[in-house]
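Here is the structure we will look at, set down as structure tokens.
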Protein chains: 2
Amino acid sequence: MSLPARRRVSIKDVAAAAGVSLQTVSRVVNGAEAVAAPTRERVLAAIAELGYRRNELARNLIQGRSRTLGVICAGHDHQGGRQLNSGITAEAEALGYALLIREHQADDPVPDDAFVESLLDRQVEGILWMLADTRAEHDSLLRRIVAEHGVPVVALVRSRSVGVPFSAFDNFSAGLMATRHLIARGRRAIAHIAGPAHSWDAQERLRGWREAMREAGLAADDTRVVNGDWSPEGGARGLSALLERGPLDAVFASNDHTALGAMLAAHRRGLSIPRDVAFVGVDDIQGAGWYLPPLTTIRRNRVAMGREAVRMLAALIEARHAGQVLELPDYLHPPELIVRESA
Amino acid sequence: MSLPARRRVSIKDVAAAAGVSLQTVSRVVNGAEAVAAPTRERVLAAIAELGYRRNELARNLIQGRSRTLGVICAGHDHQGGRQLNSGITAEAEALGYALLIREHQADDPVPDDAFVESLLDRQVEGILWMLADTRAEHDSLLRRIVAEHGVPVVALVRSRSVGVPFSAFDNFSAGLMATRHLIARGRRAIAHIAGPAHSWDAQERLRGWREAMREAGLAADDTRVVNGDWSPEGGARGLSALLERGPLDAVFASNDHTALGAMLAAHRRGLSIPRDVAFVGVDDIQGAGWYLPPLTTIRRNRVAMGREAVRMLAALIEARHAGQVLELPDYLHPPELIVRESA
DNA sequence: CTGAAAGCGCTAACAA
DNA sequence: TTGTTAGCGCTTTCAG
């Protein structure tokens, strides 16, 4: 297994073996035209024999480019960060970028400069910001990254004030769509189990719920809203709290896990779904179509969001290298209603 | 946003500003003792004023260490790769390693050398292998990484033949535990919906089921086994196929998603859970405790597995740098039975 | 078409 | 305690 570290073969070794200079090897490796066929053959043979591979680190150093993107994301991601990552990783790879991940655990202190500096020190060329927190510390950190360090940033949340381009989910429309669907099915007493109070996504979905209720002339007062925490536990607690405040015939849950917990709580109280209470979630996580009953939900295409974000960031980086200033349009990904049996 | 790329301030700039040599700045930055207090002050002042940050890439190059780990994992991971990542990322960060991720999508061709070479080219010091595929191509690739490239590797699956240390889940014991639990509850006609045929995890769990049936003197013939694909769809299909072959009073599903799908299918056929058919899954994914009925399952602690794997890999790397050969004991993480209502 | 020299940003070894 | 000299592995001028 663990052999003593053998020195990797360098361009120098290849040059010596092929009897040419370093540059010639470099040219061959980089596919330059200006190399005579026989020379190229010899170099290629030496490369093959020695098993030479280019050291990207050295290359990055001299070119002043790391071809690396930093990703700042939440740690215990209840919302399926995984799927997003798959869009991000695939696109990054396609564009030739490596990814350096930095996770912020929910129970850690609010991230400060030191949090991102490890990424900057490793010379990331751009940053993907996935923290959906509306607290001022997050905003100001993001602003400082852009202003002081001058690194291109693309957000995967629709950030409030910081002028960073984003590829984000249209949470407001999602809330609107979910609630409208319930209204169209004849529901009137529609409650909302929201996400955590300082989550941007949660706030937007709540706003969508309010707007849909308002336009239908229905009461959307605060007694109809409780905060959850994206988890089934939060959903179950939320439903109980809501039922104590009064009767309801539908619940818009901020995400599928919340809906799952709330549905079980409703079931335990002898309520029939969707007859007595209808449920709509958000996410369309794997499994949502197999709950009892299968969950009606608002799908968000995380893979597409991730892909787009990486594309935007890459464009920003290229422009920067070309000395240009690029103004990118924001990208708000539309929600998709998936009607199943819970509503 | 996208300012023209400004040259980052280097150690040279700091040295000039502070009126000292490069070396002195380097010493201060690296916290060496042998610097006079007033000199240190001046350097620190210059660093603060210029906003100097050390370029880790340059440092890595000269030290011949990248402080980076490569992770080779499956793309569309139905099994919650996310949670594992959280153990890996946390431990890697704690030990000062960055992570370079390489995902293998299930529908891509079997990974070949080119697949890992992008990691090697970026000088990763070790590789975390998370591909649980028993096909020969995977094995031989893994073997080649170790033999030809000489990079330390730790696997997160219990790999068959390749002599790579692992920190893996004890899938066999999980299968044993799940099946024994069903037997202890008085079930006799216990079927198994397995994972994909060439998944190592799936094969081991199947083996556990067989062994438990055998030791109880129950029939464990192939008519009682179908292959799923870790998904709810596969679980539903699996249950239907099993029921066509004969009656059963319990199902050991290879993972929670499979169990979820199978439970819905059972429900649709008017079977009561657990009265008519009991179910046990594997994973204890978020939500499993909120299914209808809450799922009895075998928990696996992915975070611990990830942490341990990173620790092992780091130890291997340190040993290598110290010129030693380290024999590491493998780590088989025990399953934990979580009894809920489905069995 | 090929090579020599310089240097990316930093640290290691030695000298002063 | 501080500075000087090399040089990590590579690419970029600029000569030849």
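Chain A is the first sequence line, chain B the second, and so forth, proteins listed ahead of strands; every chain is numbered from 1.
- For B:Leu22 and C:dC8, the CG to P distance is 11 Å, given to the nearest whole Å.
- By the 4.5 Å heavy-atom criterion applied to side chains, A:Ile317 and A:Arg65 are counted as neighbours.
- Listed in residue order, the members of residues 47-60 of chain B having a heavy atom less than 4.0 Å from DNA chain D come to none.
- Listed candidates were D:dT11, D:dG3, C:dT11. Nearest to the side chain of B:Arg27 is D:dG3.
- For B:Glu318 and B:Arg311, the salt-bridge test fails: no basic side-chain N is under 4.0 Å from an acidic carboxylate O.
- A salt bridge does not link A:Arg67 with A:Glu125: every distance from a Lys NZ or Arg NE/NH1/NH2 to an Asp or Glu carboxylate oxygen is 4.0 Å or more.
- Atom CG of residue B:Leu156 and atom CE of residue B:Met312 lie 9.0 Å apart, to the nearest 0.5 angstrom.
- A close approach under 4.0 Å does not occur between any side-chain nitrogen or oxygen of B:Ser21 and OP1 or OP2 of D:dT2.
- Taking CZ from A:Arg102 and CE from A:Met130, the interatomic distance works out to 15.0 Å, rounded to the nearest 0.5 Å.
- For the atom pair CG (A:Leu120) and CD1 (A:Ile145), the distance works out to 7.0 Å, reported to the nearest 0.5 Å.
- The side-chain heavy atoms of B:Leu100 and B:Leu69, taken from C-beta on, include no pair separated by under 4.5 Å.
- Axis deviation across the helix from C:dC1-D:dG16 to C:dA16-D:dT1 amounts to 40°, comparing end segments of five pairs, rounded to 10 degrees.
- For A:Glu49, the CD atom is loosely surrounded, since the number of other residues' heavy atoms within 6.0 Å does not exceed 12.
- By the 4.5 Å heavy-atom criterion applied to side chains, A:Val29 and A:Ser26 are not counted as neighbours.
- For B:Ala37 and A:Val29, each mapped to the nucleotide of DNA chain D holding its nearest heavy atom, the one lying further toward the 5' end belongs to B:Ala37.
- Contact annotation: B:Lys12 side-chain N/O to C:dC8 OP1/OP2 distance is under 4.0 Å.
- The two atoms that bring B:Pro165 and B:Leu316 nearest to each other are CG-CD2, 3.9 Å, heavy atoms only.
- For D:dG3, the OP1/OP2 oxygens have a side-chain nitrogen or oxygen of B:Thr24 closer than 4.0 Å.
- DNA chain D lies under 4.0 Å from at least one heavy atom of each of the following residues of residues 61-69 of chain A: A:Ile62, A:Gln63.
- The nearest whole Å value for the distance from the CD atom in B:Gln23 to the P atom in D:dT5 is 13 Å.
- By the 6.0 Å contact criterion, OH on A:Tyr331 is open, its count of non-hydrogen atoms from other residues, nucleotides or ligands being 12 or less.
- When the side-chain nitrogen and oxygen atoms of A:Thr39 are compared with OP1 and OP2 of C:dT2, one or more of them lie within a distance under 4.0 Å.
- Distance CD1 (B:Ile11) to P (C:dG7): 18 Å, rounded to an integer number of Å.
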